[in-house]
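Both ligands and their constituent atoms are indexed starting at 1 by order of listing.
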Amino acid sequence: MKFFIDTANVDEIRRANAMGVISGVTTNPSLIAKEGRDYAQTLKEIAGIVDGPISGEVKPTTEKAEDMIVEGRAIYALDPKHMVVKIPMTEEGLKAICVLSSEGIPTNCTLIFTAGQALLAARAGAAYVSPFVGRLDDISEDGLELVTMIVDIFSQYPDIQTEIIVASVRSPKHIVEAAMTGADIATVPYQVIEKMVHHPLTDAGIEKFKKDYQKVFGR
Ligand code: E4P
């Protein structure tokens with residue numbers, strides 16, 4: 001399973017990229033709004049940092065397929081080597097995914113909460129589907145069970161090339177469980193990557209090696 005980072009904060013993206021662990025970036029309108037910067041400029045800057053797929057979402061005020069298509073083309077044009085157009089799961093969204101993918105523009109169908117939605121998005125031509133595990137867990141449903149179902153379904157139809165991005169990840173446990181399902185990618189907030197790095201025994205071990213070494217060798 002690959003890691004994408006789920007943020008529009010360029011400092012976090014640079015730090016995660018320097019660790020060599022991320023293969024792409026996902027953003028959404030809430031994440032970009034949080035940074036308080038120009039929408040397109042932020043996406044363009046991110047695409048200049050990470051050499052991988054960068055998901056930029058059509059604005060949530062864009063509801064008609066024809067408008068999503070125009071906006072999707074503009075997002076893609078920001079950096080055609082990296083940009084992926086993120087489109088919400090609606091009837092209009094599926095129409096836009098169908099047209100953009102026929103033009104060779106990769107799309108990421110977002111806000112997936114059922115296996116049926118994932119299958120529809122795949123058939124419309126989405127390069128990626130993003131099931132939101134955390135938001136399902138928040139309402140006492142099982143987000144990872146949904147991912148398992150999508151992985152199972154897609155694996156039974158080899159003509160489906162759509163990759164599964166496990167989204168709305170809240171904890172290191174989510175990530176390990178996502179990897180066990182065979183999902184292609186997990187998109188992870190920087191804080192969760194940081195949590196994954198640490199273990200109390202790792203940190204204590206580093207301290208002990210340091211003390212033992214310094215007792216004999218000094219600095
Ligand atoms: C990524 O594609 C999603 O937009 C993101 O993971 C949603 O996460 P949230 O549920 O924590 O807002």
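Checking S55 against T26 by side-chain atom types alone, no donor-acceptor pair falls below 3.5 Å.
The shortest contact between atom 3 (C) of ligand 1 and any protein heavy atom is with F132 CZ, 3.4 Å. With respect to atom 8 (O) of ligand 1, the closest heavy atom belonging to the protein is S168 CA, 3.4 Å. Regarding atom 12 (O) of ligand 1, its nearest protein heavy-atom neighbour is R135 NH2, 2.8 Å. In terms of protein heavy atoms, atom 5 (C) of ligand 1 is closest to D6 OD2, 3.0 Å.
Although no hydrogens or angles enter the test, the distance criterion places no donor-acceptor pair under 3.5 Å between the side chain of D6 and the main chain of V169. A donor-acceptor pair under 3.5 Å is absent between the side-chain atoms of K2 and the main chain of I185, judged by distance alone.
Using a 4.0 Å cut-off between charged nitrogen and carboxylate oxygen, K208 and D212 count as a salt-bridge pair.
Considering backbone and side-chain N/O of T110, none are found under 3.5 Å from N/O of ligand 1. The distance criterion of under 3.5 Å between nitrogen or oxygen atoms is met by N28 with respect to ligand 1.
A pairwise comparison of heavy atoms in N108 and S130 identifies OD1-OG, 2.8 Å as the closest pair.
To the nearest 0.5 angstrom, T107 atom OG1 is 4.5 Å from I97 atom CD1.
Under a 4.0 Å criterion applied to the non-hydrogen atoms of A167, ligand 1 contributes the atoms 1 (C), 2 (O), 6 (O). Per-residue contacts place K86 under 4.0 angstrom from the following atoms of ligand 1 (heavy atoms of the residue considered): 1 (C), 2 (O), 3 (C), 4 (O).
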>> Could you go through F132 and L146, starting from their C-alpha distance and side-chain angles, then the distance that decides it, and tell me whether this counts as side chain to side chain contact (heavy atoms under 4.5 Å, CB included)?
In response: CA-CA 9 Å; F132 278 34; L146 169 63; over 6 Å; no

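The closest approach between R170 and ligand 1 falls below 4.0 Å for a heavy atom of the residue.
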